[in-house]
There are 2 protein chains.
Amino acid sequence: MSNKNNITEEQKKMARYAKAMGHPVRMYVLELLAKGNCCYSGDLTEELPIVKSTLSQHLKELKEAGLIQGEIELPKIKYCINQENWKEAQQLFQKFLKL
Amino acid sequence: MSNKNNITEEQKKMARYAKAMGHPVRMYVLELLAKGNCCYSGDLTEELPIVKSTLSQHLKELKEAGLIQGEIELPKIKYCINQENWKEAQQLFQKFLKL
DNA sequence: CTGAATGTTCGTCATTCTACGAAATACGAA
DNA sequence: TTCGTATTTCGTAGAATGACGAACATTCAG
């Protein structure tokens with residue numbers, strides 16, 4: 001009986017990170033935040049060609065993937081990179097891409 | 001009038017590459033091929049928990065993203081990494097992830 | 001209490017994705 | 001021409017995605 005369980009947990013995790021990055025809007029947000037620039041949802045709404053509810057959905061995707069986190073600074077929410085998971089993503093992609 | 005055209009072509013390109021990587025099966029295939037191991041569709045069918053038609057669809061996705069290419073070795077087809085685009089993906093992710 | 005500001009959630013629609021099985025295609029050997 | 005092999009394509013079903021606008025929730029200033 002051949003073994004069909006060859007996909008590793010690491011590959012699954014990378015697929016999750018890659019999926020979260022698989023949309024230009026989310027790439028834009030990640031690159032902005034990775035530059036060390038936290039930002040507010042409202043500001044992003046001014047910079048991106050989508051309505052705020054769609055942006056909210058994208059930010060939710062990134063949060064659920066663990067790549068960003070939001071800190072409440074009433075009345076706004078400040079988004080920034082989740083450093084722990086960002087490091088993990090860096091390591092995984094570095095290894096995968098042989099950088 | 002605020003400028004909403006802030007998403008760069010580079011970010012769009014990275015999103016396309018990331019999207020192609022956004023499934024565990026495709027991550028498995030890419031990692032296998034990135035190890036320098038070309039392979040045949042039939043062999044992959046033995047190693048993965050999906051039917052050959054679904055695998056064919058995934059390979060098509062990777063080809064359309066430009067990450068792999070297939071060479072005819074009748075009666076089989078040999079898949080391997082598209083080195084040119086692989087290098088580009090490496091460079092893009094290296095810059096994006098600040099590696 | 002009211003209204004404004006900020007952001008989220010919901011419902012909807014259209015599209016895409018991912019699985020499958022059946023059918024089709026291409027090729028070479030016999 | 002037929003058969004076997006390898007792979008792709010097609011049609012289908014259900015789930016997921018990504019866009020929108022409307023409604024909702026929370027907070028705060030007046």
Side-chain angles (χ1 to χ4, degrees), chain A residues 2 4-7 11-12 14-30 32-33 38-80 82, chain B residues 2 4-7 11-30 32-33 38-80:
Chain A
S2 63
K4 285 181 180 283
N5 303 317
N6 294 301
I7 300 174
Q11 283 163 346
K12 287 175 186 173
M14 284 202 66
R16 282 201 290 277
Y17 282 138
K19 184 169 179 156
M21 297 168 183
H23 190 288
V25 161
R26 297 199 289 270
M27 281 304 310
Y28 175 87
V29 169
L30 285 173
L32 188 71
L33 298 188
C38 297
C39 65
Y40 302 92
S41 178
D43 296 340
L44 286 170
T45 300
E46 296 299 319
E47 300 173 23
L48 291 164
I50 54 176
V51 300
K52 65 183 181 183
S53 57
T54 309
L55 175 62
S56 198
Q57 290 302 330
H58 281 302
L59 292 174
K60 184 179 179 185
E61 285 299 315
L62 288 174
K63 273 189 288 183
E64 283 175 357
L67 287 170
I68 69 172
Q69 63 204 23
E71 292 167 21
I72 297 177
E73 276 192 8
L74 293 176
K76 300 183 173 185
I77 298 184
K78 187 172 73 175
Y79 287 99
C80 51
N82 179 314
Chain B
S2 63
K4 286 179 179 284
N5 302 319
N6 294 301
I7 300 173
Q11 285 162 345
K12 287 175 184 173
K13 183 173 284 186
M14 285 203 63
R16 282 200 290 275
Y17 282 138
K19 185 167 177 155
M21 296 169 185
H23 190 289
V25 162
R26 297 200 290 268
M27 282 305 310
Y28 175 87
V29 170
L30 285 173
L32 186 72
L33 297 187
C38 299
C39 65
Y40 303 92
S41 178
D43 297 340
L44 286 170
T45 302
E46 297 299 320
E47 299 174 25
L48 290 163
I50 55 177
V51 302
K52 64 190 179 185
S53 57
T54 308
L55 175 64
S56 199
Q57 290 301 330
H58 282 302
L59 291 173
K60 186 180 177 182
E61 286 299 316
L62 288 174
K63 273 190 288 184
E64 283 173 358
L67 287 169
I68 70 172
Q69 65 203 22
E71 293 166 22
I72 296 176
E73 275 193 8
L74 290 176
K76 299 184 172 184
I77 299 188
K78 187 171 75 176
Y79 287 98
C80 50

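Side-chain atoms are counted along with the backbone in the values below, which use heavy atoms only and exclude waters and symmetry mates. Numbered from 1 within each chain, the chains take letters A, B, ... in sequence-line order.
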- [ ] Step through the shown structure and confirm whether more than 12 heavy atoms of other residues, nucleotides or ligands are within 6.0 Å of CG on B/Leu74.
- [x] yes
- [ ] Nearest-nucleotide wise, let me know which of A/Pro75 and A/Ile50 is further upstream toward the 5' end of DNA chain D.
- [x] A/Ile50
- [ ] Output yes when at least one side-chain N/O atom of A/His58 is less than 4.0 Å from OP1 or OP2 of D/dA19, else no.
- [x] yes
Task: Interatomic distance, B/Lys76 NZ vs D/dG4 P [rounded to whole Å] - done: 19 Å
TODO: For B/Ile72 and C/dA26, give me the distance from atom CD1 to atom P, rounded to whole Å.
DONE: 11 Å
TODO: Nearest whole angstrom, please: distance from the C1' of C/dG7 to the CD of A/Glu61.
DONE: 17 Å
- [ ] Ignoring backbone atoms, test whether A/Tyr79 places a side-chain nitrogen or oxygen under 4.0 Å from the OP1 or OP2 oxygen of C/dT6.
- [x] no
TODO: Could you state the atom-to-atom distance from NZ of A/Lys60 to C1' of D/dA16 in whole Å?
DONE: 13 Å
Task: For B/Gln11 against A/Met27, the heavy-atom pair lying closest together - done: O-CG, 3.7 Å
TODO: Have a look at A/Leu55 and say if it touches a base, only the backbone sugar-phosphate, or nothing, with a 4.0 Å heavy-atom cut-off.
DONE: nothing
Task: Length of the line joining B/Leu59:CG and C/dT18:C1', which is rounded to integer Å - done: 14 Å
Task: Row check, B/Tyr40 ring normal vs B/Lys78 NZ/CZ: under 6.0 Å, within 45° - done: no
Task: Distance-only donor-acceptor check, side chains B/Glu47 and A/Asn6, under 3.5 Å - done: no
Task: Separation of atom CG in B/Leu74 from atom P in D/dT8, rounded to whole Å - done: 12 Å
Task: Phosphate contact (D/dA19 OP1 or OP2) by A/Thr54 side-chain N/O below 4.0 Å - done: no
Open item on the list: Any base atoms under 4.0 Å from B/Gln57, or only sugar-phosphate, or nothing? Heavy atoms, all strands.
Closed with: base
Task: Side chain of A/Ser56 - closest among D/dT8, C/dT8, D/dT27 - done: C/dT8
TODO: Using a 4.0 Å heavy-atom cut-off across all strands, classify B/Lys19 as base, sugar-phosphate, or nothing.
DONE: sugar-phosphate
Task: Interatomic distance where CD1 belongs to A/Ile77 and P belongs to D/dA25 [whole Å] - done: 16 Å
Open item on the list: Between C1' on C/dT16 and CZ on B/Arg26, what's the gap in Å once rounded to a whole number?
Closed with: 12 Å
Task: Check: C/dG21 base within 3.5 Å donor-acceptor of B/Ser53 side chain - done: yes
TODO: Please confirm whether the backbone N or O of A/Leu48 pairs with a side-chain atom of B/Lys4, one donor and one acceptor, at under 3.5 Å?
DONE: yes
Open item on the list: Does B/Ser41 reach a base, just sugar-phosphate, or nothing at all? Heavy atoms under 4.0 Å.
Closed with: sugar-phosphate
Task: First of A/Lys52 and B/Asp43 reached from the 5' end of DNA chain D, by closest nucleotide - done: B/Asp43
